[in-house]
Number of protein chains: 2
Amino acid sequence: MDRRITKKDDDASGKERPTLKTLAFMTGLGVTTVSRALKDAPEIGAETRRRVQLVAKQIGYRPNRAGVRLRTGKTNVISLVLNTEHELMSFVSDIIYGVTEVIADTPYHLIVTPYSRSQDPLDPVRYLVETGSADGVIISRTQPNDPRARYMLERGIPFATHGRTDMGLVHPYHDLDNYAFAGEAVRYLAGRGRNRLALVTPPVGLTYYGHTVNGFADALSEVGASEVPFNTVSIDHTIEQIRMRTAQLMRRDNRPDGIVSSAAAATLAVVAGIEDAGLKLGRDVDVVSKQSSDLLHLFRRELLVVNENFRLAGSELARAVLGWIGGKEPGSLQSLSKPSEVLPYRG
Amino acid sequence: MDRRITKKDDDASGKERPTLKTLAFMTGLGVTTVSRALKDAPEIGAETRRRVQLVAKQIGYRPNRAGVRLRTGKTNVISLVLNTEHELMSFVSDIIYGVTEVIADTPYHLIVTPYSRSQDPLDPVRYLVETGSADGVIISRTQPNDPRARYMLERGIPFATHGRTDMGLVHPYHDLDNYAFAGEAVRYLAGRGRNRLALVTPPVGLTYYGHTVNGFADALSEVGASEVPFNTVSIDHTIEQIRMRTAQLMRRDNRPDGIVSSAAAATLAVVAGIEDAGLKLGRDVDVVSKQSSDLLHLFRRELLVVNENFRLAGSELARAVLGWIGGKEPGSLQSLSKPSEVLPYRG
DNA sequence: TTGGCAATCTGTAACGTTTCAGTATACTGG
DNA sequence: CCAGTATACTGAAACGTTACAGATTGCCAA
């Protein structure tokens, strides 16, 4: 046997990052044994196992991600796919923080995969799947018939959606009950005597657009109020557009006396529009708005708010993906948050 | 030669992701040749090179990240290290988008590495460096004497800081000129006849705290105005705290008639506090505030704003890190943004 | 002719991990 | 005492890539 001295036969020297080989050398075992001992394989003697684990802890052994990934295909990465144009502000950081909270004491890393308006939303997902860059994926801006969900379901890659789909396919999701939100909002406004209501909708095409619109409509007929159509804007429009069109709306004869808004940023614009039209919030019109951080009441105390917790959403989505990766049933990884009740300014 | 048939000798079948071996088989070359042809090595014949690259493009070859990483140590990852408690809202998503914009057409992925208040800020950085999880790092909340920067400089890992240090060590950074910001703000207020000014500072301990305070002080004496001390808050305090203490401040005899605020969220609280004290913005007191999205003017049109572009910051930071990784001089990768001028509400 | 050299190309080893197919030892029941 | 088997361990191969150290060919100068 021609046994040449190779570069690393003088292992366990000191400065280099320890590997299984280092551990094997230190314990006098084979790398196979060390590998199995570290993952509590049953065919390793109890004492050996403890010994290996002790040494590993002592010298701060951390498995090399590239090694694991190359051998097993497991990336220990989950990817959050984000639209870099639409996603409104604070939203994103909260979700990210929620996700990181959950994966903090797992080996998982979070990578952010962006896509822009010009691209097909399927592109980034296809990239992730084709290159095997992640073990799990989180997507938002979910549509009733979502090609991304369908694609990942076909390829068998675990994912979770922020928002539900409606394709008769089962997969993990987290969503706010926007049907309930819109309903609560309408009932609250009706309780204050408002009966000509307008809705600032979510982006047309997303699933929760439908939920919101339905909740709004159903509650309207329940309380016997009427809708003032306001289809010219959604929360995806710019501040300027929303503001202008709200002002137009509020100058009409049959202007609404109550508005339900699906997002805080849009609400700022709506209020500006209302005031542009010379009307006063709380007197001429009441506005109920979702918000994700507690800013609207600083803005105008007359605003009526419903809180949505995006940090929670991030956590739930991460939990769902990890659960699926871990072998749980996708159907058991779905969660729906109730919105808070409608909150007027308190003291 | 005992040449056993191994699992993958029947390569190039179709469904599997193509590797160098696949390309080698298809072109009839060795994997070494293919590898070098793809990176335009000079010792490969021009025609061979073109041929390999053509085939590679045709079948959509993408180098396996784990393979490259294992072999070379290059991760093709850059990490953004974030504090999950302090970082204020929209801030974060803008930076992320800025970063992703720059790395979009590079092989780099962005991973978000969080740390919480309870932890030593050095922890996540140490983790990244020790596990070799990234080729480059971006940190924020930079301090004059920043242990993280020092640590990474020692280890020789490329990084960029959002904000400058003051340790006599040179490294890439991007920063807003907060000295200029505070100065402009003071001069603007003085121009409106305000001469008893207070400052809502950045978090004590961060480098730009000093810049801001100095810019404020120097401009004060330049214009002959006086400072009303307001050291009880910084923009790291909660909305409630800022609001309460502003109200207290504004009820005192020697209350300021002008306030400079270092962050939009704090400004909301400041305004609330002003109004709690029964005073009117624009009449009793003027407020100049930095903001990163165009919301403050919707909030109160009397506010005077200075814009800070965090998306640009993200791009600059990413460019800086990539530049350093690519071998440029760290000293050449520093950039300082001028703040916008002070903007009153326009029509 | 021959030695040298440039131009192209190639096999092998190595990065760190897990899995497959064992091997060595001790113990069991007949 | 032996076959059979459970227990505890091990070497080699493989994942996909790059670097090192050649190998082969053709050409030119001496």
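Reminder, nothing fancy here: chain letters follow the sequence lines and each chain counts from 1.
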### Message
With a cut-off of less than 4.0 Å, is there a side-chain N or O of B:Ser35 near OP1 or OP2 of D:dT18?
### Response
yes
### Query
Side-chain N or O of B:Lys21 less than 4.0 angstrom from OP1 or OP2 on D:dG16?
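It does not, given that no N or O in the side chain of B:Lys21 lies less than 4.0 Å from OP1 or OP2 of D:dG16.
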### Query
Any chance CD of B:Glu43 has more than 12 other-residue heavy atoms, nucleotides or ligands included, within less than 6.0 Å?
yes
Rounded to the Å, how far apart are [X] [atom1] and [N] [atom2]?
X: B:Asn76; N: D:dT17; atom1: CG; atom2: C1'; result: 12 Å
X: B:Leu23; N: C:dT10; atom1: CG; atom2: C1'; result: 16 Å
X: B:Tyr61; N: D:dG16; atom1: OH; atom2: P; result: 10 Å
X: B:Asn64; N: C:dT17; atom1: CG; atom2: P; result: 16 Å
X: B:Arg69; N: D:dG16; atom1: CZ; atom2: P; result: 17 Å
X: B:Leu38; N: C:dC9; atom1: CG; atom2: C1'; result: 15 Å
X: A:Leu70; N: D:dA14; atom1: CG; atom2: C1'; result: 9 Å
X: A:Leu20; N: D:dA14; atom1: CG; atom2: P; result: 20 Å

### Task
Can you check each nucleotide of nucleotides 6-11 of chain D against protein heavy atoms at under 4.0 Å and return B for base, S for sugar-phosphate only, - for none, in 5' to 3' order?
--BBBB
#### Entry: A:Phe91 and A:Phe310 aromatic ring geometry - parallel, tilted or perpendicular at 30°/60° bounds
tilted
### Task
Give a yes or no on whether the backbone of B:Ser133 and the side-chain of A:Arg65 come within a donor-acceptor separation of less than 3.5 Å.
no
### Query
Residues in ring-ring contact (aromatic ring centres under 6.0 Å, His included) with A:Tyr127, at least two apart?
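ring-ring contact (aromatic ring centres under 6.0 Å, His included) check on A:Tyr127 returns B:His109.
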### Task
Supply the atom-to-atom distance A:Phe159 CZ to A:Met152 CE, rounded to the nearest 0.5 angstrom.
5.0 Å
### Message
If the condition is salt bridge (charged side-chain N to carboxylate O under 4.0 Å, His left out), which residues does B:Lys74 pass it with, not counting sequence neighbours?
### Response
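Only B:Asp135 meet the salt bridge (charged side-chain N to carboxylate O under 4.0 Å, His left out) criterion with B:Lys74.
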